[in-house]
Amino acid sequence: MAYRWKNTLTHADITPKAAYLNRRQILAGAAGLGAIGLVPRAADAQAGLEPNTLEEIRSYNNFYEFGTGKGDPAANAHQLVTAPWSIKVDGMVDRPGDYALGDLLAGLTVEDRIYRFRCVEAWSMVIPWNGIELADILNKVGVQSGARYVAFETVVQPENMIGVQRRVLDFPYVEGLRLDEAMHPLTIMATGIYGEPIANQNGAPIRLVVPWKYGFKSIKSIVRITLTDQEPPISWNIANAREYGFYSNVNPNVDHPRWSQASERRIGGGLFAARQDTLMFNGYPEVAPLYDGMDLSVFI
Amino acid sequence: MTLSATVNGALRNVRAWPLYGIAATYAAWEFWRAVNQQGPYLVEPINVLERTYGEIALILLVAGLLVTPLRQWTGVNLIKFRRAIGLCAFFFVLAHFLVFAVLDVQSLGRVWTETVKRPYVTVGMLAFVLLIPLAVTSNNLSIRKMGAAAWRQLHKLSYVAVILGALHYLWLSRGFQVEPLVYLVLSIGLVALRYRHVAWRKQAA
């Protein structure tokens with residue numbers, strides 16, 4: 001089932017490690033030489049998809065278990081214990097159980113997926129993930145015919161997670177997808193970024209990535225996957241139902257009460273970066289058929 | 001000699017005007033760091049600069065409210081610094097607004113729609129507007145022209161502005177966050193203290 005979705009980008013578009021690690025230094029040095037145009041920046045200019053640097057991806061995060069500041073997760077997430085890691089798979093599955101992470105993923109294909117990542121707060125990045133199609137994992141545990149939704153849960157390690165102690169949200173963080181969304185080829189469980197194990201602040205050791213939905217749907221550091229026939233509760237909806245719906249598809253035509261969703265700011269452009277238009281489904285129109293007949297201004 | 005007398009004595013020869021220079025230098029320094037994406041400005045300088053200016057403004061507004069109770073409780077008299085504190089607060093609010101308008105939403109049309117559509121922006125903008133007449137009249141000439149009583153009455157708008165500013169911060173925060181709550185409790189508390197004090201004085205008289 002792997003390779004059901006093709007990047008328009010290829011492996012060559014992933015920035016060489018030396019460049020993504022210190023693009024800023026290279027640029028600074030190059031600017032000094034007046035040779036900025038000569039700096040190798042692997043990118044797909046046509047698609048406008050130049051992956052953010054690993055430094056950017058790792059230092060600007062929302063992971064409220066580690067604090068509400070954007071830099072807090074990078075500062076505090078080293079306390080997260082990620083090994084050993086097991087995932088409880090339960091509900092309407094043929095083979096429920098507590099799976100060691102390695103066992104759950106054994107034999108499945110890890111792919112490179114360069115995706116846009118759009119936060120509900122109207123900023124965005126481009127992230128070169130390494131991950132496994134969620135469908136492959138679900139097929140491995142055997143989804144029963146009555147199941148219609150997938151629920152996910154983030155780990156809670158209160159002694160290691162400062163935000164959990166402060167009760168910023170009603171932890172554990174929970175999320176969910178409709179089964180057809182979960183089985184869509186775009187939906188992956190990421191275990192790496194730029195070919196390196198995913199950093200704790202990015203959701204180690206395994207997280208969901210649903211590129212056509214706002215970032216908070218892509219739940220991090222998952223310890224439980226439950227198949228169910230009921231729409232599962234999701235954390236931000238519990239915290240503020242008026243602002244966060246179950247679907248939370250990226251949609252420039254439906255404003256969030258706090259942020260206009262018509263445009264966004266791509267991280268990495270500096271202090272004078274221009275805003276850019278937000279794309280319907282974050283630029284993944286192939287998911288539109290999932291919502292045929294649904295009024296997306298109602299099902300937010 | 002009491003501690004307050006010592007502090008007041010030490011401050012006798014300290015002028016208020018360097019505060020303006022310190023504030024301007026600090027604002028410029030933060031801007032420079034944002035341009036060069038240093039420290040906290042590494043990844044997303046616009047949002048961080050917007051927050052930095054906003055939070056400094058809020059701190060200074062609360063500090064302005066602290067001057068009177070500090071004198072009443074401890075005898076330490078910082079009244080000669082209060083105008084500078086208030087004006088610097090306004091300058092940071094202005095800088096906060098300019099980052100929002102020019103660097104963040106990037107168009108006057110968006111400033112307007114954001115102000116109209118988002119209650120937390122509405123509240124923040126209202127606080128900004130309320131502070132404008134206060135900044136304009138923060139000089140001796142205005143006090144003379146208006147008369148001390150009318151001037152003092154006008155400047156009670158700062159009470160409203162601080163509370164709105166804290167509300168603005170609380171409202172834009174996602175989830176349950178302690179820091180904005182602290183500002184809101186502080187500002188409401190400090191304003192309430194003044195009215196309780198007034199009521200107490202009336203009772204006594």
Side-chain angles (χ1 to χ4, degrees), chain A residues 24 27-28 31 52-62 64-65 67-72 74-75 119-125 162-163 165-171 173 216 235-236 238-240 243-244 255-260 262-263 265-276, chain B residues 28-53 55 95 98-124 168-182:
Chain A
R24 198 172 313 283
L27 286 176
N52 283 90
T53 66
L54 195 58
E55 183 185 45
E56 288 163 349
I57 294 166
R58 286 183 174 174
S59 51
Y60 195 81
N61 309 103
N62 280 323
Y64 278 15
E65 284 86 336
T68 52
K70 294 290 184 289
D72 290 347
C119 180
V120 72
E121 296 164 351
W123 54 266
S124 65
M125 294 195 190
I162 187 93
Q165 295 159 22
R166 293 184 190 154
R167 305 188 54 81
V168 180
L169 288 170
D170 190 10
F171 296 113
Y173 192 84
F216 69 87
S235 284
W236 277 108
I238 295 167
N240 194 335
E243 298 193 3
Y244 306 96
D255 270 0
H256 185 276
R258 290 161 197 249
W259 303 281
S260 164
S263 65
R265 196 161 49 239
R266 177 69 51 79
I267 296 295
L271 189 61
F272 306 106
R275 296 185 79 89
Q276 56 190 66
Chain B
W29 181 63
E30 292 289 351
F31 186 80
W32 177 248
R33 293 212 303 161
V35 170
N36 292 292
Q37 295 182 250
Q38 293 170 355
Y41 300 102
L42 179 69
V43 178
E44 220 293 47
I46 299 173
N47 187 265
V48 177
L49 188 65
E50 200 171 340
R51 279 176 171 266
T52 303
Y53 285 162
E55 194 157 354
L98 286 174
V99 174
F100 165 72
V102 178
L103 299 177
D104 186 350
V105 298
Q106 301 177 355
S107 86
L108 278 179
R110 286 210 197 100
V111 169
W112 176 249
T113 41
E114 292 295 296
T115 306
V116 175
K117 283 177 85 167
R118 324 227 177 266
Y120 76 90
V121 184
T122 317
V123 164
H168 167 71
Y169 186 18
L170 183 72
W171 215 329
L172 67 85
S173 304
R174 301 170 67 201
F176 171 77
Q177 296 193 29
V178 176
E179 213 186 334
L181 263 182
V182 169

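Every chain is numbered from 1, with letters handed out A, B, ... down the list of sequences. Note that the structure is predicted; figures quoted are calculated from it, not measured.
- For the set A/F272, A/W123, A/Y64, the entry with the most heavy-atom pairs within less than 4.5 Å of chain B is A/Y64.
- Put simply, the side chain of A/R275 gets close to the backbone of B/D104: a donor and an acceptor are under 3.5 Å apart.
- Heavy atoms closer than 4.5 Å to chain B are found in the side chain of A/S263, but not in its backbone.
- When side chains are defined from C-beta on, B/F31 counts as touching A/L271, because their heavy atoms get closer than 4.5 Å.
- Each of A/A273, A/S59, A/S260 has some count of heavy-atom pairs under 4.5 Å with chain B, and the biggest count is that of A/S260.
- For the pair B/R118 and B/W171, the cation-pi criterion (under 6.0 Å, within 45° of the ring axis) is not fulfilled.
- Heavy-atom distances place no part of B/V178 under 4.5 Å from chain A, backbone and side chain included.
- One distance of note links CD of B/E44 with CG of B/L49; it measures 10.5 Å at 0.5 Å rounding.
- At a 4.5 Å heavy-atom cutoff, B/E179 makes no contact with chain A through either its backbone or its side chain.
- Taking chain B as the reference chain and counting heavy-atom pairs below 4.5 Å, the highest number among A/R166, A/K70, A/E121, A/E243 is found for A/E121.
- Atom CH2 of residue B/W112 and atom OG of residue B/S107 lie 13.5 Å apart, to the nearest 0.5 angstrom.
- Looking at B/R174, the atoms closer than 4.5 Å to chain A (heavy atoms on both sides) sit in the backbone and in the side chain alike.
- Within the 4.5 angstrom heavy-atom criterion, atoms from both the backbone and the side chain of A/W259 approach chain B.
- With a 4.5 Å cut-off on side-chain heavy atoms, B/R33 and B/V48 do not count as touching.
- Chosen from A/G71, A/A274, A/G269, the residue pairing most often with chain B at heavy-atom distances under 4.5 Å is A/A274.
- To the nearest 0.5 angstrom, B/E114 atom CD is 7.5 Å from A/D255 atom CG.
- Ranking A/N62, A/T68, A/L169 against chain B, the residue ahead of the rest is A/T68, based on heavy-atom pairs under 4.5 Å.
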